[in-house]
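To keep things clear, I will list the structure first and then write my remarks on it.
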Amino acid sequence: MKKLLLLLSSLLVGMHCFAGGILSGPWVADVREDRLTVVWTTAEPSTAFVELKDGTTLWETFAGRRVFGRLHKVRITGLTPGEVLHYRVGGIPVVDDTNPRDPTFGDPFASPWHSTRTFDSAKGTCRFSVFNDIHMRTEQFAALAGQVDSSATDFLFLNGDIVTAANYTLDSLVHNAIDPLGSLPAGIPLLFARGNHEGRGNNVQLVADVFPNEDPAPFYYSFREGPVACLVLDGGETHTKRSTVYSGAKVYETYLQEQYEWAEKALQESAFREAPVKVCLIHVPMIDPEGKQGFYIQRWLHKRFLPLLNEAGIDLMISADLHEFLFYEPGTMNNAFPILVNDDLRRLDFTYGDGTALIRTFNAKGEQEFEYRFQP
Ligand SMILES: [Fe+2]
């Protein structure tokens, strides 16, 4: 029976590819008030475009020409805050490009229509869902995502270790990190913080391609949605021993110092400074508890980065990595704000409105496990 189901599902996937050419997505990334990037993959190399409801077609290009590939990204700029975009993605498969003067193309294809929206700092409320440390357990990931109220959620945030250290390929990365979200990220912006596992193996640049973010760097950035300003940081590799394998802890320290110098300025930008709520999202928690001396970067962040965030008036840190739920009230870890370490395979829902922030966490069965209210 299982074999029959597998055969049927692979036939369906095959038909889908044949009929549509689109393998995964689209998902909407790199969202700000004035831009967003639509990303998707195709089963075969193809040209790619985003078509807007007003008839505009935006082709995927590089250096002035259309390109063929399987991972597609179209960045749309010049948008306005809260602008709604009705779009679909499509392409034309390349059947044979051995003759570069006259490649052969197949039939054009397109996805169904989707709607998405840019961020808008003038909005009075903000709600988002965070996932972390899924480690390729796609069934539980899909269950957690299936509980998201799509009509009331402003963005989805993957806080690292969605995959596990491996020499992953494009298809396995997208299958594990994007597909379990279903159609949610075609409409709800999807943002990402790198986990230590996404930094291992041979394909860290592929992670940046799947979760594009151009400014100021692939894995650290800030954005604002409604009253909430978010500072996203990349904690890199956590353990001294494993750091050495890839570049050495000293290189990570240089990289973290680069983020520190950028954050000093980003925290002072008016959209951030004046936001009613300031949240730091980072996979590695900035804590230094007893008995965790091997967590070199975690301790480095606690000692070197936390004072800057205290001073900037951060209201909350949402982190991950440890596969256990920890909650540090202000003042318990040299922290001026609560630091929450979300358990693995849990969804954290953050809501802010009317001066009150609400944090709740849920397991894959949809059972609420934690609730905390505070006035930022
Ligand atoms: Fe993890």
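Scope of the values below: all heavy atoms of this structure, side chains included, with no hydrogens, waters or symmetry mates. Fair warning: this is a prediction, and the values are worked out from it, not measured in the lab.
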Quick one: does D30's side chain have a donor or acceptor within less than 3.5 Å of a partner on T37's backbone?
no

Quick one: does R347's side chain have a donor or acceptor within less than 3.5 Å of a partner on L144's backbone?
yes

Donor-acceptor pair, N132 side chain versus L345 backbone, under 3.5 Å?
no

Under the side-chain hydrogen bond (donor to acceptor under 3.5 Å, both in side chains) criterion, do D96 and T98 qualify, and how do the steps go?
CA-CA 6 Å; D96 182 0; T98 47; 2.7 Å; yes

Is there a side-chain contact between L156 and F128 (heavy atoms, below 4.5 Å)?
no

Candidates F350, F362, F327 - the one meeting ring-ring contact (aromatic ring centres under 6.0 Å, His included) with F370
F327

Is the shortest side-chain heavy-atom distance between D34 and T80 below 4.5 Å?
no

Listed pairs under 3.5 Å, donor-acceptor, residues 226-233 side chains, sequence neighbours left out:
none

State which residues pass side-chain contact (heavy atoms from CB on, under 4.5 Å) with T118; sequence neighbours excluded, sorted by chain then number.
L36, L79, E83

Quick one: does T47's side chain get under 4.5 Å of V67's, heavy atoms only?
no

Answer yes or no: is there a donor N or O on one side and an acceptor on the other, between the side chain of H114 and the main chain of R88, under 3.5 Å?
no

Trace of the side-chain contact (heavy atoms from CB on, under 4.5 Å) decision for Y220 with E258:
CA-CA 10 Å; Y220 62 86; E258 172 190 313; 2.6 Å; yes

Does one hydrophobic cluster hold both L52 and I22, with members joined at side-chain heavy-atom distances below 4.5 Å?
yes

Between H197 and T164, is there a side-chain donor-acceptor contact under 3.5 Å, judged purely by atom types and distance?
no

Check residues 259-269 and write down every donor-acceptor pair under 3.5 Å in which the side-chain atom is one partner and the other belongs to a residue at least two apart or another chain.
{"unit_1": "Q259", "atom_1": "OE1", "unit_2": "D234", "atom_2": "N", "d": "2.9"}
{"unit_1": "Q259", "atom_1": "NE2", "unit_2": "D234", "atom_2": "O", "d": "2.8"}
{"unit_1": "E261", "atom_1": "OE2", "unit_2": "Q257", "atom_2": "NE2", "d": "3.1"}

Membership question, hydrophobic clusters at under 4.5 Å side-chain separation (ILVMFWY): are L316 and V130 in the same one?
yes

Going by the rule side-chain contact (heavy atoms from CB on, under 4.5 Å), which residues pair with D102 if we only count those two or more places apart in sequence or in a different chain?
N99

Aromatic ring proximity F119/F155, centre distance under 6.0 Å:
yes

Which residues satisfy the side-chain contact (heavy atoms from CB on, under 4.5 Å) test with D97, sequence neighbours excluded?
F68, V94, P103

Verify the distance criterion only: is there a donor paired with an acceptor across the side chains of N213 and R32 at less than 3.5 Å?
yes

Test ring-ring contact (aromatic ring centres under 6.0 Å, His included) applied to W40 and H72, step by step:
CA-CA 5 Å; W40 69 102; H72 305 287; 5.4 Å; yes

Tell me whether E51 contacts the main-chain N or O of L58 through its side chain, where contact means a donor paired with an acceptor under 3.5 Å.
no

Taking the side chain as every heavy atom from C-beta outward, state whether I282 and L301 have any atom pair closer than 4.5 Å.
yes

Side chain to side chain, V148 and F131, heavy atoms closer than 4.5 Å:
yes

Whether R373 and E371 form a salt bridge (side-chain N of Lys/Arg under 4.0 Å from carboxylate O of Asp/Glu) is what I want to check.
yes

Taking distance alone, no hydrogens or angles, what donor-acceptor pairs closer than 3.5 Å link side-chain atoms of residues 176-188 to residues at least two apart or in another chain?
{"unit_1": "N176", "atom_1": "ND2", "unit_2": "S172", "atom_2": "O", "d": "2.7"}
{"unit_1": "D179", "atom_1": "OD1", "unit_2": "S24", "atom_2": "OG", "d": "2.8"}
{"unit_1": "D179", "atom_1": "OD2", "unit_2": "S24", "atom_2": "OG", "d": "3.3"}

Give a yes or no on whether the backbone of D344 and the side-chain of R346 come within a donor-acceptor separation of less than 3.5 Å.
yes

Check whether any side-chain heavy atom of F295 sits under 4.5 Å from a side-chain heavy atom of I297, and report yes or no.
no

Within the side chain of D154, is there an N or O that forms a donor-acceptor pair under 3.5 Å with the backbone of R127?
yes

For D161, does its backbone N or O pair with a side-chain atom of E198 as donor and acceptor, under 3.5 Å?
yes

Are the side chain of T153 and the backbone of S150 linked by a donor-acceptor contact shorter than 3.5 Å?
no

Between R75 and E214, does any side-chain N to carboxylate O distance fall below 4.0 Å?
yes

Minimum side-chain heavy-atom gap E369-F325 below 4.5 Å
no

In terms of hydrophobic clusters joined by side-chain contacts under 4.5 Å, are L358 and I314 together?
no

Where the side chain of E60 meets the backbone of R66, is there a donor-acceptor pair that is under 3.5 Å apart?
no

Closer than 4.0 angstrom, basic N to acidic O: yes or no for R224 and D120?
no

